[in-house]
Participant: 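Got a structure for you, written out below as structure tokens; questions coming shortly.
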2 protein chains.
Amino acid sequence: MTITEVARRSGLPAKTIRYYESIGLIRPLRRPNGYRAFRDGDIMKLGFLARARSLGFSVEDCRALLALWEDKGRASADVKALASQHLARIEAKIAELESLHATLADLVSACSGDHRPDCPILAGLAAPPAGR
Amino acid sequence: MTITEVARRSGLPAKTIRYYESIGLIRPLRRPNGYRAFRDGDIMKLGFLARARSLGFSVEDCRALLALWEDKGRASADVKALASQHLARIEAKIAELESLHATLADLVSACSGDHRPDCPILAGLAAPPAGR
DNA sequence: AGATAACCTTCCAGTAGCGGGAAGGTCAAG
DNA sequence: CTTGACCTTCCCGCTACTGGAAGGTTATCT
């Protein structure tokens, strides 16, 4: 199985697959000519990585998740702990973005958006954040 | 005004202030000994930058906003356009994170999180995203 | 005068997670 | 035997800084 074929199947760019090998997430075999030879197990891992990454896990979290996946003696508590921490980070990020959104939406709605220079958005940025 | 003093007033680390100078956002004067000499205008700009960055604007957006702020002949429409685009990016990001959150929360709540190896989280990552 | 500490300077390297592109080897088809 | 489509490694670039090394300047203390 060549890298292009694996890229098509896993949905990951070939560049990303090479990168994952370079940081030790996968270890595909090599053909005599130096080309990578992927086995089914590699493809499963790459699919796992693609899905974990698409859920926003960091590459290091993915490494840990992959190790747990391979470890038949794992405790599901360890997986849940990783996922819960990530969930908490997502919640914090959403809260942060919603706060930005509220402030910015106020400023935008207050701006007439015409040819004149007066602008509440710039005024808001120019002034120290007043109590509200 | 030394950089440490400006850092204290603007809330930005000295490192960041040097970085902003290096990319041309500010141009503080220099004393004969080579030390930066900040004027009130520099401090205002840095405060502006700190607030714009804290609202999540990219540094390049900040450069454009700063230019508009300095341009007394600006059209507020230009400012509003920048801010609206940023608002849209924030909304898209929130939607993306909420989608991740929903999926991940489902998986986490389905996991018993004990000493046993069975884990719906890993199962969800191992399997292709089923239709739902 | 000398020492010490607290400033200041520049420059280099590293972070996350790749993407772009150069330079070069390999292989199947025509 | 050449073309073209693969494959390889390697290095730079991206964002927005942060840390740290190496070294100059200034004020204070003895």
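So that the names make sense, note that chain A is the first sequence line, chain B the second, and so on, each numbered from 1.
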Participant: Treating Ile, Leu, Val, Met, Phe, Trp and Tyr as nodes and any side-chain heavy-atom pair under 4.5 angstrom as an edge, say whether B:Leu104 and B:Leu97 lie in one connected cluster.
Facilitator: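 Hydrophobic grouping puts B:Leu104 with B:Leu97.
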
Participant: Taking for each residue the nucleotide of DNA chain C bearing the nearest heavy atom, is the 5' side occupied by A:Ser58 or by B:Glu5?
Facilitator: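 Residue closer to the 5' terminus by nearest nucleotide: B:Glu5.
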
Participant: Using OP1 and OP2 only, check whether a side-chain N or O of A:Arg30 sits under 4.0 Å from D:dT9.
Facilitator: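 Result: yes.
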
Participant: The side chain of B:Arg53 lies closest to which of these nucleotides: C:dT10, D:dA16, D:dC6?
Facilitator: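 Closest of the options to the side chain of B:Arg53: D:dA16.
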
Participant: Please report the distance, rounded to the nearest Å, between CD1 in A:Ile17 and C1' in D:dC7.
Facilitator: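 Value for this atom pair: 13 Å.
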
Participant: Does any pair with a residue in residues 72-84 of chain A pass side chain to side chain donor-acceptor pair (under 3.5 Å), and if so which ones, sequence neighbours excluded?
Facilitator: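 Qualifying pairs: A:Ser76-B:Asp114.
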
Participant: Sugar-phosphate means primed atoms, P, OP1 and OP2; the rest is base. With that split, encode nucleotides 21-27 of chain C 5' to 3' as B, S or - using protein heavy atoms under 4.0 Å.
Facilitator: B---BBS

Participant: Have a look at the helix from C:dA1-D:dT30 to C:dG30-D:dC1 and give the angle its two end axes make, five pairs each, rounded to 10 degrees.
Facilitator: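 Angle reported: 30°, given to the nearest ten degrees.
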
Participant: Report, as yes or no, whether the 6.0 Å neighbourhood of atom CG on B:Asn33 holds more than 12 heavy atoms from other residues, nucleotides or ligands.
Facilitator: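 Count over threshold, so yes.
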
Participant: Take B:Ile23 and B:Arg63 through the test side-chain contact (heavy atoms from CB on, under 4.5 Å) and record every step on the way to the result.
Facilitator: CA-CA 10 Å; B:Ile23 61 173; B:Arg63 188 192 302 276; 4.0 Å; yes

Participant: I'd like to know whether B:Arg36 forms a side-chain contact (heavy atoms from CB on, under 4.5 Å) with B:Arg18, so could you lay out the CA-CA distance, the side-chain angles of the two residues, the decisive distance to 0.1 Å, and finally the verdict.
Facilitator: CA-CA 9 Å; B:Arg36 289 171 183 80; B:Arg18 292 196 192 96; 3.7 Å; yes

Participant: Using a 4.0 Å heavy-atom cut-off, does A:Ile3 contact any base of the nucleic acid, only the sugar-phosphate backbone, or nothing at all?
Facilitator: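 The answer is sugar-phosphate, as A:Ile3 gets under 4.0 Å only of primed atoms, P, OP1 or OP2.
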
Participant: At under 4.0 Å, does any side-chain N or O of B:Arg31 touch on OP1 or OP2 of C:dT9?
Facilitator: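 False: B:Arg31 side-chain N/O out of range (4.0 Å or more) of C:dT9 OP1/OP2.
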
Participant: Is the distance from OP1 or OP2 of D:dT18 to the nearest side-chain N or O of B:Thr16 less than 4.0 Å?
Facilitator: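 True: B:Thr16 side-chain N/O within range (under 4.0 Å) of D:dT18 OP1/OP2.
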
Participant: Whole-Å distance between D:dG13 P and B:Glu60 CD?
Facilitator: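 Roughly 17 Å, once rounded to whole Å.
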
Participant: Taking all non-hydrogen atoms of both residues, which atom of A:Lys45 and which atom of A:Trp69 are closest, and how far apart?
Facilitator: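 Minimum heavy-atom contact is CA-CZ3, 4.2 Å.
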
Participant: Measure from CD1 on B:Ile26 to P on D:dC17 and round the result to the nearest Å.
Facilitator: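 Taking CD1 of B:Ile26 and P of D:dC17, I get 12 Å after rounding.
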
Participant: Apply side-chain contact (heavy atoms from CB on, under 4.5 Å) to residues A:Ile94 and A:Ile90 and explain how you reach the verdict.
Facilitator: CA-CA 6 Å; A:Ile94 289 174; A:Ile90 289 174; 3.9 Å; yes

Participant: What's the CZ-P distance between B:Arg18 and C:dC12, to the nearest Å?
Facilitator: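 Computing the B:Arg18:CZ to C:dC12:P distance gives 16 Å.
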
Participant: Between A:Arg36 and D:dC7, is there a side-chain N or O to OP1/OP2 distance below 4.0 Å?
Facilitator: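 So the side chain of A:Arg36 is outside the cut-off, no N or O lying under 4.0 Å from OP1 or OP2 of D:dC7.
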
Participant: Applying side-chain contact (heavy atoms from CB on, under 4.5 Å) to A:Ile17 and A:Ile26, what does each step give before you reach the verdict?
Facilitator: CA-CA 8 Å; A:Ile17 297 172; A:Ile26 53 168; 4.0 Å; yes

Participant: Tell me the interatomic distance from B:Arg63, atom CZ, to D:dC17, atom P, rounded to whole angstroms.
Facilitator: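 Those two atoms, CZ and P, are 12 Å apart.
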
Participant: Measure the distance from CD1 on B:Ile23 to C1' on D:dA16 and round it to the nearest whole Å.
Facilitator: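 Between C1' of D:dA16 and CD1 of B:Ile23: 8 Å.
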
Participant: Just how far, in rounded Å, is P of C:dC7 from CE of B:Met1?
Facilitator: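 To the nearest whole Å, that distance equals 16 Å.
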
Participant: Contact class for B:Phe57 (heavy atom, under 4.0 Å): base, sugar-phosphate, or nothing?
Facilitator: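 Nothing: the residue B:Phe57, judged by heavy atoms under 4.0 Å, touches no strand.
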
Participant: A:Tyr19 side chain: which of C:dC18, D:dA16, D:dT18 is closest?
Facilitator: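 Of all the options, the side chain of A:Tyr19 is nearest to C:dC18.
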
Participant: Rounded to the nearest Å, what distance is computed from the CG atom of residue A:Leu29 to the P atom of nucleotide D:dT8?
Facilitator: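 After rounding, the reported distance stands at 13 Å.
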
Participant: Is there a side-chain polar atom (N or O) of A:Thr2 under 4.0 Å from OP1 or OP2 of D:dC6?
Facilitator: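 So the side-chain polar atoms of A:Thr2 never come under 4.0 Å of the phosphate oxygens OP1 or OP2 of D:dC6.
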
